[in-house]
Amino acid sequence: MLNNDCIFCKIIKGEIPCVKVYEDGKMLVFKDIEPKAKVHLLAVAKDHFKLISEADEARAELIKYMLMKIPQIAENNGCDNGYRLVINQGEDAGQTVFHLHIHILGGEPLEQ
Ligand code: AMP
Ligand code: ZN
């Protein structure tokens with residue numbers, strides 16, 4: 001289910017543009033608008049839920065599906081020498097968009 005008030009749902013619906021690098025029935029991957037690394041992609045679930053803590057069995061399967069797809073997508077987009085995956089959960093992590101997404105950061109050596 002998508003949400004009318006959510007920016008990532010609007011991107012999924014094509015109502016807000018993005019630089020898409022991969023899409024299938026379950027996920028969309030596009031470039032982060034404010035990249036924090038040379039390559040900064042966002043893998044977004046095609047189901048509106050806010051937090052990893054809201055994942056039930058079906059959503060956990062969706063996250064697993066995304067994690068299985070990400071290596072090939074990352075390698076195809078300049079992260080062939082490694083990358084970092086990040087999920088921000090809640091306020092202390094600085095989460096700003098409350099629709100489950102996985103940051104893919106790479107394309108250069110990352111700070112520890
Ligand atoms: P988070 O802090 O984990 O919620 O990350 C949200 C990310 O979404 C940030 O890195 C933003 O730069 C990114 N973002 C917000 N709006 C857009 C947009 N319209 N297109 C691409 N990335 C976006
Ligand atoms: Zn959403």
Side-chain angles (χ1 to χ4, degrees):
M1 285 285 284
L2 299 179
N3 178 300
N4 288 336
D5 301 321
C6 166
I7 186 165
F8 284 178
C9 285
K10 287 181 180 170
I11 290 175
I12 290 166
K13 286 187 279 184
E15 294 171 7
I16 293 177
C18 71
V19 181
K20 190 187 298 185
V21 305
Y22 177 83
E23 182 169 24
D24 66 23
K26 296 181 176 172
M27 66 189 283
L28 173 66
V29 184
F30 53 88
K31 293 188 180 179
D32 195 292
I33 206 165
E34 279 182 47
K36 315 284 187 305
K38 192 170 169 199
V39 178
H40 187 172
L41 306 175
L42 299 173
V44 176
K46 285 194 175 179
D47 181 15
H48 179 85
F49 62 105
K50 297 184 178 69
L51 299 160
I52 197 159
S53 58
E54 290 180 357
D56 55 13
E57 284 293 332
R59 287 167 174 171
E61 278 299 319
L62 178 55
I63 294 166
K64 175 183 166 189
Y65 176 85
M66 293 169 74
L67 289 173
M68 300 285 292
K69 285 280 180 190
I70 281 172
Q72 192 66 60
I73 297 164
E75 283 171 34
N76 289 347
N77 287 279
C79 294
D80 44 311
N81 202 37
Y83 49 89
R84 181 174 294 151
L85 303 182
V86 174
I87 298 175
N88 289 322
Q89 157 87 17
E91 206 178 318
D92 279 3
Q95 186 176 4
T96 56
V97 179
F98 287 83
H99 177 130
L100 198 280
H101 56 281
I102 303 172
H103 295 258
I104 305 167
L105 297 145
E108 61 183 344
L110 301 172
E111 279 180 32
Q112 293 304 309

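First listed ligand is number 1; within each ligand, the first listed atom is number 1. Heads up: numbering here begins at 1 and tracks the sequence.
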**Request:** Could you grab the distance from atom CG of Leu41 to atom CD1 of Ile70, nearest 0.5 Å is fine?
**Result:** 9.0 Å

**Item:** Neighbouring residues of ligand 1, heavy-atom cut-off under 4.0 Å
**Value:** Ile7, Phe8, Ile11, Phe30, Lys31, Asp32, Ile33, Glu34, Lys36, Leu42, Asn88, Gly94, Gln95, Thr96, Val97, His101, His103

**Asked** Transitive ILVMFWY cluster of Val44 at side-chain heavy atoms under 4.5 Å: who else is in it?
**Response** Leu2, Ile7, Phe8, Ile11, Ile12, Ile16, Leu28, Phe30, Leu42, Val97

**Asked** How long is the gap from CD on Gln89 to CD on Gln95, to the nearest 0.5 Å?
**Response** 6.5 Å

**Prompt:** In Å, rounded to the nearest 0.5 Å, how long is the span from NZ of Lys46 to CE of Met1?
**Reply:** 15.5 Å

**Request:** Any chance you could measure Lys64, atom NZ, to Glu57, atom CD, to the nearest 0.5 Å?
**Result:** 10.5 Å

**Prompt:** Can you tell me if NZ on Lys36 sees more than 12 non-hydrogen neighbours from other groups inside 6.0 Å?
**Reply:** yes

**Request:** Could you name each residue pair satisfying ring-ring contact (aromatic ring centres under 6.0 Å, His included) that touches residues 44-74, not counting sequence neighbours?
**Result:** His48-His99

**Request:** Look at atom CG of Asp24 and say whether more than 12 heavy atoms of other residues, nucleotides or ligands are closer to it than 6.0 Å.
**Result:** yes

**Prompt:** Can you count the protein N, O or S atoms that lie less than 2.8 Å from the Zn ion (ligand 2)?
**Reply:** 4

**Request:** Please say whether more than 12 non-hydrogen atoms of neighbouring residues, nucleotides or ligands are located less than 6.0 Å from NZ in Lys38.
**Result:** no

